[in-house]
Asks: 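Dumping the structure here so I can ask a few things about it.
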Amino acid sequence: MTKQMMTKALRTSLNVGELAAGQSLDVPLFTFKGTDSNAPTVYVQANVHGAEVHNT
């Protein structure tokens, strides 16, 4: 018999600035918390080109 572990997922966002047009610039944050407090912790970060402000 295997023990099932439940994971709690939480999505929040972090405001990192404002675009030239006045729009809020937010970065999504995802947190996953398992029930085993002895389990290892990992940090993952990814990035893509986007929301770049160009002079016109």
Side-chain angles (χ1 to χ4, degrees):
M1 182 175 182
T2 60
K3 183 178 177 184
Q4 293 279 334
M5 303 191 102
M6 299 298 289
T7 299
K8 186 179 198 178
L10 178 64
R11 183 183 193 274
T12 57
S13 63
L14 175 67
N15 182 274
V16 294
E18 187 176 282
L19 297 176
Q23 293 173 302
S24 177
L25 183 59
D26 297 331
V27 174
L29 300 174
F30 297 92
T31 304
F32 300 93
K33 186 164 179 84
T35 55
D36 183 0
S37 61
N38 294 319
T41 301
V42 64
Y43 171 79
V44 178
Q45 178 179 337
N47 191 17
V48 218
H49 295 283
E52 297 174 358
V53 179
H54 300 278
N55 286 339
T56 56

Asks: What do you reckon, is CD of Glu18 surrounded by more than 12 foreign heavy atoms closer than 6.0 Å?
Replies: yes
Asks: Treat each ILVMFWY residue as a node, draw an edge where side-chain heavy atoms are under 4.5 Å apart, and state whether Phe32 and Val27 are in one component.
Replies: no
Asks: Sequence neighbours left out, what passes side chain to side chain contact (heavy atoms under 4.5 Å, CB included) with Val44? Give chain and number order.
Replies: Val42
Asks: Rounded to the nearest 0.5 Å, what separation is found between the CG atom of Leu29 and the OG1 atom of Thr12?
Replies: 4.0 Å
Asks: Looking at Gly17 and Asn15, what are the two nearest heavy atoms and their distance?
Replies: N-OD1, 3.4 Å
Asks: To the closest 0.5 Å, what do you measure between NZ (Lys8) and OG1 (Thr35)?
Replies: 12.0 Å
